[in-house]
Protein chains: 2
Amino acid sequence: MTVSLRERRRQQTARDIQLATLELAVEQGLENVTTEEIAAAAGISTRTFFNYYVNKESAAIGAPPAFGEADKTALREGRGALRDDLKRFLDKHIKILADDDNIVRMVGTVLRSNEKARGILDGFLMMERETLTECLAGRVADVQTAAALASMCTDSIGRAIFLWETGDAATLSAALDIVWAGTLHAAGLMVVPSD
Amino acid sequence: MTVSLRERRRQQTARDIQLATLELAVEQGLENVTTEEIAAAAGISTRTFFNYYVNKESAAIGAPPAFGEADKTALREGRGALRDDLKRFLDKHIKILADDDNIVRMVGTVLRSNEKARGILDGFLMMERETLTECLAGRVADVQTAAALASMCTDSIGRAIFLWETGDAATLSAALDIVWAGTLHAAGLMVVPSD
DNA sequence: CAAAACCTTGCACAGTCTGCAATGTTTACG
DNA sequence: CGTAAACATTGCAGACTGTGCAAGGTTTTG
């Protein structure tokens, strides 16, 4: 087995804490929940809570799925049209998010009102964007171009989640399709010197 | 006069606090600075510090310049090529930032290591992006397209600041030119189905 | 099975942030 | 001008956050 008993328990406790945090946060707003309440709900001591997460905002966010290694390789070495490879890449990722869409929704709720949580997620996204930029750097030569593309990608995912959360799209994948169409259209407007 | 003595003093104190915060933060890192130190450096009591800012991260960020009303109107009613109007809009804004480039630099330092500060700024940028989306909504009809364009704009400013901070561009305006070229190039790649 | 590694917990303590009440300063206006 | 209302500053008490440390328990390793 790849994971020891200890490791599995640790994962489980981390997830228990996250779920306890999110449920309390959705009910009362994260700012009105104390670490003591969270610890009690998760069946651990306050001190142990802080052994898992440095603060309640981190507990709410947990460990978001990173871009898959295989998907990144596919993107780096892809030979299709760039925009199609990118869309495929994002589709893969949004499907992973969809596996835990209940958590995505609760995290979204927290993010809407909690600045600290936004900052924490932002830090994570910044790193993801960075790795994405590196993936693209080989295909587009210019770093600024790669960075712009990477931003378009993470932004599209963010807007797709938002669209789905507000009920304007039935699924995350459908939301991404809508958002992506807008992104492509916007790109077209930036290129063609017309209004 | 448009501002009373009281109002002017308030602005001055707010700025004094921000500068005290940033200077201490650049020296020691914001996490290693206590509100007590900041208050002492700004010549006020700790309690008064919290009358001005809800926390030290907000004090460090202060009140970033918003997009100008006139510039937004110009963008909304512009009749030139969209991408040129956008570039003009961003040029205007980056010039305003350049007026306080010492503060921009210090804030950048803080943002690099402080998650909470990033979240606070992110909330501000989110609102700015929202107003920008509304400005563009009249010109492009589709909301998703407008949102994508707005994201490209705020992202470009962010990357320009980063480029300038790392010394890869002499001025903020020059940095924006470089970043913008990358953004346009990226847009081109998204449109033309080639690699 | 014993030692190493890791986990949980309590406790003490430094720091953050709010509400409240006292006191002083500025503004508005009769 | 002078007074009442509005606002600013401060201290203090108190709830909450987050860390270091040490004690005691469980899992892993060989």
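In this structure, of C:dT18, C:dT27, D:dT28, it is C:dT18 that holds the atom nearest to the side chain of B:Phe50.
Mapping B:Glu7 and B:Phe49 onto DNA chain C by nearest heavy atom places B:Phe49 at the nucleotide closer to the 5' end. When each of A:Val33 and B:Thr13 is assigned the nucleotide of DNA chain D with its nearest heavy atom, B:Thr13 is the one assigned upstream, toward the 5' end.
The only member of B:Val26, B:Thr21, B:Asp100 that meets side chain to side chain contact (heavy atoms under 4.5 Å, CB included) when paired with B:Met106 is B:Val26.
Under the 4.5 Å side-chain criterion, counting only non-hydrogen atoms from C-beta, A:Ile17 is not in contact with A:Thr48.
Without hydrogens or angle criteria, B:Asp101 side chain to B:Val104 main chain gives no donor-acceptor distance under 3.5 Å.
Taking atom CZ on A:Arg10 and atom C1' on C:dC7, their separation rounds to 8 Å, with Å as the unit. Regarding A:Leu30, its CG atom lies at a distance of 13 Å from the C1' atom of D:dC16, rounded to whole Å. The distance between atom NZ of A:Lys116 and atom P of C:dT16, rounded to the nearest whole Å, is 11 Å. As rounded to whole Å, 11 Å separates atom C1' of C:dT8 from atom CD1 of A:Ile17. In this structure, the CD atom of B:Glu57 is 12 Å from the C1' atom of C:dC17, given to the nearest Å. A straight line from CD of B:Gln12 to P of C:dT26 spans 15 Å, rounded to a whole angstrom. Per the geometry, OH belonging to B:Tyr53 stands 16 Å off C1' belonging to D:dA8, to the nearest Å. Atoms CD (A:Glu115) and P (C:dT16) sit 17 Å apart, rounded to a whole Å.
No more than 12 heavy atoms of other residues, nucleotides or ligands shown are found within 6.0 angstrom of CZ on A:Phe162. Under a cut-off of 6.0 angstrom, the local environment of CD in A:Glu31 is crowded, with over 12 non-hydrogen atoms contributed by other residues, nucleotides or ligands. Around the CE atom of B:Met126, the shell of radius 6.0 Å holds more than 12 heavy atoms that belong to other residues, nucleotides or ligands.
Shown for residues 35-46 of chain B: residues whose heavy atoms fall under 4.0 angstrom of DNA chain D, namely B:Ile44, B:Ser45.
Using modelled atom types and a 3.5 Å distance limit, the side chains of B:Ser4 and B:Arg9 yield no donor-acceptor pair. Side chain to side chain, A:Arg118 and A:Asn114 fail the donor-acceptor criterion of an N or O pair below 3.5 Å. A:Thr46 and A:Thr35 share no donor-acceptor pair across their side chains, judged by distance under 3.5 Å alone.
Contacts of B:Thr48 with the nucleic acid, taken as non-hydrogen atoms under 4.0 Å apart, include base atoms. Note on B:Asn55: only backbone sugar-phosphate atoms sit closer than 4.0 angstrom, heavy atoms only; bases stay farther off.
Defining each end axis of the helix from C:dC1-D:dG30 to C:dG30-D:dC1 as the rotation carrying four pairs' C1' atoms onto the next four, with five pairs an end, the two axes are found to diverge by 30° to 10 degrees.
Checking the phosphate oxygens (OP1, OP2) of D:dT9, a side-chain nitrogen or oxygen of B:Tyr52 falls inside 4.0 Å. Contact annotation: B:Arg9 side-chain N/O to C:dT25 OP1/OP2 distance is not under 4.0 Å.
Separation of atoms CG (B:Leu111) and NZ (B:Lys116) is listed at 14.0 Å; rounding is to 0.5 Å.
For the pair B:Arg15 and B:Tyr52, the cation does not sit on the ring face, since its NZ or CZ is not both under 6.0 Å from the ring centre and inside 45° of the axis.
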Give me the distances for all protein-to-nucleotides 20-23 of chain D N/O pairs that come in under 3.5 Å?
unit_1: D:dG20; atom_1: N7; unit_2: A:Arg47; atom_2: NH2; d: 3.0
unit_1: D:dG20; atom_1: O6; unit_2: A:Arg47; atom_2: NE; d: 2.6

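B:Arg6 contributes a side-chain N or O that forms a donor-acceptor pair with the base of D:dA6 under 3.5 Å.
Following chains of ILVMFWY side-chain contacts shorter than 4.5 Å, one cannot reach B:Ile61 starting from B:Ile157, and the two form parts of different hydrophobic clusters.
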